[in-house]
Trainee: 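Sharing a structure here in structure tokens format.
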Amino acid sequence: MIYLDSAATSFLKPATVRYAVSEAMRTMSSPGRGGYESAMRAADTLLDCRLALADLFCVRDPAHVVFTSSATHGLNIAIRSLVKPGDRVVISGYEHNAVWRPLHGLGADIRVARAPLFQPEDMVQAFRELLPGAKAAVCTQVSNVFGYILPVERIGSLCREQGVPLIVDAAQSAGTVGLDFDALGCAFAAMPGHKGLLGPQGTGVLLCRDEAAAPLFYGGTGSQSQEAFMPEFLPDRLEPGTHNVPGVAGLLAGVKWLQQRSCPAILAHERELLGEFCKRLAGADNVRLFRAEDPQTQAGVVSVQVDGMDCEEAAAKLAERGIAVRAGLHCAPLAHETAGTLSSGTVRFSFSPFNTRREALTAAEALLALA
Ligand code: PMP
């Protein structure tokens, strides 16, 4: 199988991740619940992972790196911390349902900053117009449908000027496109551990500024157990219950692997594959590629449509040829609405550090054969 669905989850992982997960199951118990060896080993692993993530995302205090079960979990904490029913919230027109649905569920007054694909200047302008009076803003750093890299740094400075806390959805960017959490000054950044950070499913990370973060779940933390309240300090305030220790051990191995290769090198590799893929398809009149004119505004994800062919059918035919891609709305109807692809959806090809040039070209040939 040629796996080109890493935007769903990075199924292709370093061997060290699998090893770390199984070693953790063999040697680690629950952190913070005892001073014996297996508990201490688990506590050390959690701390090492927090330190590695704090280093990767420039978070001054590793206690502000919170483990979650997914990006969705982290986004729900962030949104519930900042938004009350009826509050005005500005979001980009490329948000995932992990942002849109929690805001709807809360009854927020959602204002969508819409701007065409790969036009960062227009997106900054759309945020500038909508931010006055907003209680919070949410922006994805990279669209999971189109690979579009949104101008979060510029949106971050607009938010700072207006005193509006910003939540960054780094689900599609973590591990490739850099994020300097302290410099950006956002309130939260949420990400999965199981995509670009190369950890196992069931892992996620929430970077948070202290004041804003409110618990979503309540329970035991192994600290201040005599109190009825959640501990004030992070990460305990947001991490009740037993940790996913094998997951975090795998995540740590994934992050170490990334740090050895470097995120810019991985982004360059994925962009190169995307470039080869698109070049091979460039002459085909009946294939529509959602490709940025300026390659700096696109990460290693591209959406495609084949004239006269339903996108689910195209993906099914590609699967028959051993090529794994995703079709449809990719849980991001807003992004499709903004790009004008809501009624049809798209077929999404997403590249990973483990894909090769040959795989990218084979996938392009298969698509050409269908078209
Ligand atoms: N936001 C974006 C942009 C995503 O691509 C995804 C995952 N597809 C999520 C949020 C949710 O991530 P998770 O499945 O880890 O909750």
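Here the structure is a predicted model, which is why all the values come from computation and not from measurement. First listed ligand is number 1; within each ligand, the first listed atom is number 1.
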Trainee: May I ask you to check if ligand 1 and Ala71 share an N or O to N or O distance below 3.5 Å?
Mentor: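 N/O-N/O distance below 3.5 Å exists for this pair.
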Trainee: Please report the closest heavy-atom contact between Cys208 and Leu234, naming both atoms and the distance.
Mentor: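 The pair with the smallest heavy-atom distance is SG-CD1, 4.1 Å.
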Trainee: Pick, from Lys195, His330, Gln172, the option with the minimum heavy-atom distance to atom 8 (N) of ligand 1.
Mentor: Lys195
Trainee: Only heavy atoms of Ala171, strictly under 4.0 Å: list the atoms of ligand 1 that pass.
Mentor: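 Answer, ordered by atom number: 1 (N), 2 (C), 3 (C), 4 (C), 6 (C), 9 (C), 10 (C).
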Trainee: Does the N or O separation between Thr140 and ligand 1 drop below 3.5 Å for any pair?
Mentor: no
Trainee: Looking only at protein heavy atoms, which one is nearest to atom 10 (C) of ligand 1, and what is the separation?
Mentor: Asp169 OD2, 3.5 Å
Trainee: Using distance alone, decide if ligand 1 has a nitrogen or oxygen within less than 3.5 Å of any nitrogen or oxygen in His73.
Mentor: no
Trainee: Return the closest protein heavy atom for atom 14 (O) of ligand 1 as residue, atom name and distance.
Mentor: His194 NE2, 3.8 Å
Trainee: Of all heavy-atom pairs between Val302 and Phe290, which one has the smallest distance, and what is that distance?
Mentor: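 Shortest heavy-atom separation between Val302 and Phe290 comes out as CG2-O, 3.6 Å.
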Trainee: Listed by chain and number, what are the ring pair (Phe, Tyr, Trp, His ring centres under 6.0 Å) partners of Phe233, not counting sequence neighbours?
Mentor: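 Ring pair (Phe, Tyr, Trp, His ring centres under 6.0 Å) check on Phe233 returns nothing, list empty.
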Trainee: Do Phe146 and His336 have their ring centres less than 6.0 Å from each other?
Mentor: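 Under 6.0 Å, so yes.
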Trainee: Just go through Thr68, Thr72, Val301, Asn144 and tell me whose heavy atom is the nearest to atom 13 (P) of ligand 1.
Mentor: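 Comparing heavy atoms across Thr68, Thr72, Val301, Asn144, the nearest one to atom 13 (P) of ligand 1 lies in Thr72.
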Trainee: Under 3.5 Å, is there a donor-acceptor pair between the side chain of Asn144 and the main chain of Ala332?
Mentor: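 Judged by distance alone, no pair lies under 3.5 Å.
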Trainee: When you check the side-chain N and O atoms of Glu129 and Gln125, is any donor under 3.5 Å from an acceptor?
Mentor: yes
Trainee: Can you list the ligand 1 atoms lying under 4.0 Å from a non-hydrogen atom of Ala98?
Mentor: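 That gives atoms 10 (C) of ligand 1.
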Trainee: Quick one: does Gln298's side chain have a donor or acceptor within less than 3.5 Å of a partner on Val301's backbone?
Mentor: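 Flag set: sc Gln298 to bb Val301 pair under 3.5 Å.
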